[in-house]
Q: 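Quick one: the structure is below, and I'll ask about it shortly.
Chain A is the first sequence line, chain B the second, and so forth, proteins listed ahead of strands; every chain is numbered from 1.
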2 protein chains.
Amino acid sequence: MAIYEYDKSYGRTLGIAYTQVYRRLAKYLKERDIPVTPDQFRVLTHLWQNDSCSQQHLAEGTNRDRANVTRIIDILEREGIVERQPHESDRRAFRIVLTEKGKAIEAEAAECGRQAIQDSLEGVTPEELEVCMRVLRKTIQNLT
Amino acid sequence: MAIYEYDKSYGRTLGIAYTQVYRRLAKYLKERDIPVTPDQFRVLTHLWQNDSCSQQHLAEGTNRDRANVTRIIDILEREGIVERQPHESDRRAFRIVLTEKGKAIEAEAAECGRQAIQDSLEGVTPEELEVCMRVLRKTIQNLT
DNA sequence: TTATATTTGTTGCGTATTCAACAATTACAA
DNA sequence: TTGTAATTGTTGAATACGCAACAAATATAA
C-alpha cells in the first residue's frame, strides 16, 4: 500500500485551519480583555442574533449537545453576561437572555471575529473563497 | 450596523465542517472497535509515518502543545498502543515507539479516516476540492 | 384520564485543550 | 568552566466536548 499522507488530507488540513482561526480569535479576545473564549463566543453570537432562546435551541444553533450548552451558560451566567429566566409556558426550559454587559460586549467581540477571519483569508480571492465555502457547506450537508 | 451573520462566516463554517468530519471519524472508529479517538488518531498517523520520534516532535507535527501530547501518550501507552523508550543521547526526551498492536491498528484506522473524508466530499469535484485545499492551506500559512 | 413516550436541562465520566509553572537536562556564552 | 538560556516533559487549573443516565415536565396515545 502506498503511503497515505495523513497530514495532507482534507480532514487534517481542515482541522489545523480551524484550530489556527480559533487560536487567533482567542488571542484577539484576550488582547481586548473580553472575558469570553471562542467557544463561548459561538454561543453568544447566537444570542446576539436570537436573544432569549432556550438552551436546546442554542445547542442546535451552535452544533453542540445540551450538556455542553449547560456548562457554557453556567460560565456566562457567572460572568454576568447572560441570565437564565423561566420560560413562560414550559417549566422545563429556560430563556437565556443577554444582560447589559452581554449586549455591550458584542461590538468589540465581533470586531475580533472579523479581524481573525480577515487575517486568515489574506491573499485569497473572493472567487476562491466562494468555492471553499461551497465545499465546506457541502461537507456539512453530507455529514448531517 | 447591518447584522453580521456570524453563523455563515468562514470561521463558523470551517468549525462546523471540521466537527462533523471529526464526529464521523469517531463513529467509524467506534464501529470497528478501534480503541482510539480522532485526536489520538492524529498522533498515531504521525507515528505511522514517523515512528520513534520525541514528544516535542509529535507536538509540532500534530499542531498541539507538549502538555497535550503528554496526556495523549499516557493514554496510548496505557492502551498498549505505544511505548516510551529512553532517548539514546538526550535524557530529557523519550522516543515514542509503536507496539505491535499500534502497528496492527493502522490499516483499519486509516480506512476509517479515508471513509470519513470520502463521505464528507461526496458531490465535490476535484477542481473544487483543489481550490478549497488551497484556501485552507493559505489560512494555515497566514496564521502560523 | 391515564399510561407511555418525548423533551429539557443537569450531572458524571473520560478525554481534549491551552496556559502557566516547574524540574531535569542540555546548549551556549562569557 | 561556569553561569545563564533554552529545551523537554510533567503537572495543575480552567474550559470544552460527547456520551449516557437521570429527574422533571410536557406531549401523546389508548
Q: Can you see whether B:Thr45 engages A:Arg12 through a side-chain donor-acceptor pair at a distance of less than 3.5 angstrom?
A: yes
Q: Is the distance from OP1 or OP2 of D:dT10 to the nearest side-chain N or O of B:Arg84 less than 4.0 Å?
A: yes
Q: How many Å lie between CG on B:Asp39 and C1' on C:dG14, as a whole number?
A: 13 Å
Q: If you look at every strand shown and take non-hydrogen atoms under 4.0 Å, does A:Arg42 touch a base, only sugar-phosphate, or nothing?
A: nothing
Q: For DNA chain D, determine which residues of residues 9-33 of chain A have any heavy atom closer than 4.0 angstrom to one of its atoms, and list them numerically.
A: none
Q: If only side-chain N and O atoms count, and only distance matters, is there a donor-acceptor pair under 3.5 Å linking B:Arg137 with B:Asn142?
A: no
Q: B:Ile75 CD1 to D:dT11 C1': how many Å, rounded?
A: 15 Å
Q: Charged N to carboxylate O below 4.0 Å: is that the case for A:Arg64 and A:Asp39?
A: yes
Q: Do A:Thr139 and A:Tyr10 have side-chain N/O donor and acceptor atoms under 3.5 Å apart?
A: yes
Q: Just how far, in rounded Å, is C1' of C:dG14 from CD of B:Gln40?
A: 10 Å
Q: Please work out if B:Asp65 contacts a base, only the sugar-phosphate, or nothing of the nucleic acid, heavy-atom cut-off 4.0 Å.
A: base
Q: Write down the partner of D:dT7 under the Watson-Crick or G-U wobble criteria, each distance required to be under 3.5 Å.
A: C:dA24
Q: Is C:dA20 syn or anti, taking syn as a glycosidic angle within 90° of 0?
A: anti
Q: Strictly below 4.0 Å: does A:Arg78 bring a side-chain N or O up to OP1 or OP2 of D:dT15?
A: yes
Q: Looking at A:Arg24 and A:Glu31, is any side-chain nitrogen of the basic one under 4.0 Å from a carboxylate oxygen of the acidic one?
A: no
Q: Once you round it to whole Å, what is the distance between C1' of D:dA16 and CG of A:Leu76?
A: 13 Å
Q: A:Gln20 and A:Ser120: side-chain donor and acceptor closer than 3.5 Å?
A: no
Q: Please determine, by modelled atom types, if A:Glu60 and A:Gln56 share a side-chain donor-acceptor pair under 3.5 angstrom.
A: yes
Q: Are any protein N/O atoms closer than 3.5 Å to N/O atoms in nucleotides 3-8 of chain C? If there are, list each pair with its distance.
A:
{"unit_1": "C:dT7", "atom_1": "O2", "unit_2": "A:Arg92", "atom_2": "NH1", "d": "2.7"}

Q: Which of these nucleotides, D:dC19, D:dT15, D:dC17, is closest to any side-chain atom of A:Ala67?
A: D:dC19
Q: May I ask you to decide whether A:Arg95 forms a salt bridge with A:Asp51, counting only side-chain N to carboxylate O separations under 4.0 Å?
A: no
Q: Just the rounded figure in Å: distance from C1' of C:dA16 to CD1 of B:Ile73.
A: 14 Å
Q: Quick test of your reading of the model: are A:Lys138 and B:Glu122 salt-bridged, counting only N-O distances below 4.0 Å?
A: no
Q: Looking at B:Arg91, does any N or O in its side chain come under 4.0 Å of the phosphate oxygens OP1/OP2 on C:dT26?
A: yes
Q: Does B:Asn68 put a side-chain nitrogen or oxygen below 4.0 Å from OP1 or OP2 of C:dT17?
A: yes
Q: Measure the acute angle between the ring planes of A:Phe41 and B:Tyr6, then classify it against the limits of 30° and 60° as parallel, tilted or perpendicular.
A: perpendicular
Q: Is A:Thr70 close enough to C:dT10 that one of its side-chain N or O atoms is under 4.0 Å from OP1 or OP2 there?
A: yes
Q: Measure from NE2 on B:His87 to P on D:dG9 and round the result to the nearest Å.
A: 9 Å
Q: Please confirm whether any donor atom in the side chain of A:Arg71 sits under 3.5 Å from an acceptor in the base of C:dG12, or the reverse.
A: yes
Q: Strictly by Watson-Crick or wobble contacts shorter than 3.5 Å, is anything paired with D:dA13, and which nucleotide is it?
A: C:dT18
Q: In this structure, how many angstroms lie between the P atom of D:dA16 and the CG atom of A:Leu44, rounded?
A: 11 Å
Q: Rounded to whole angstrom units, what separation is found between the CZ atom of B:Arg64 and the P atom of D:dT10?
A: 16 Å
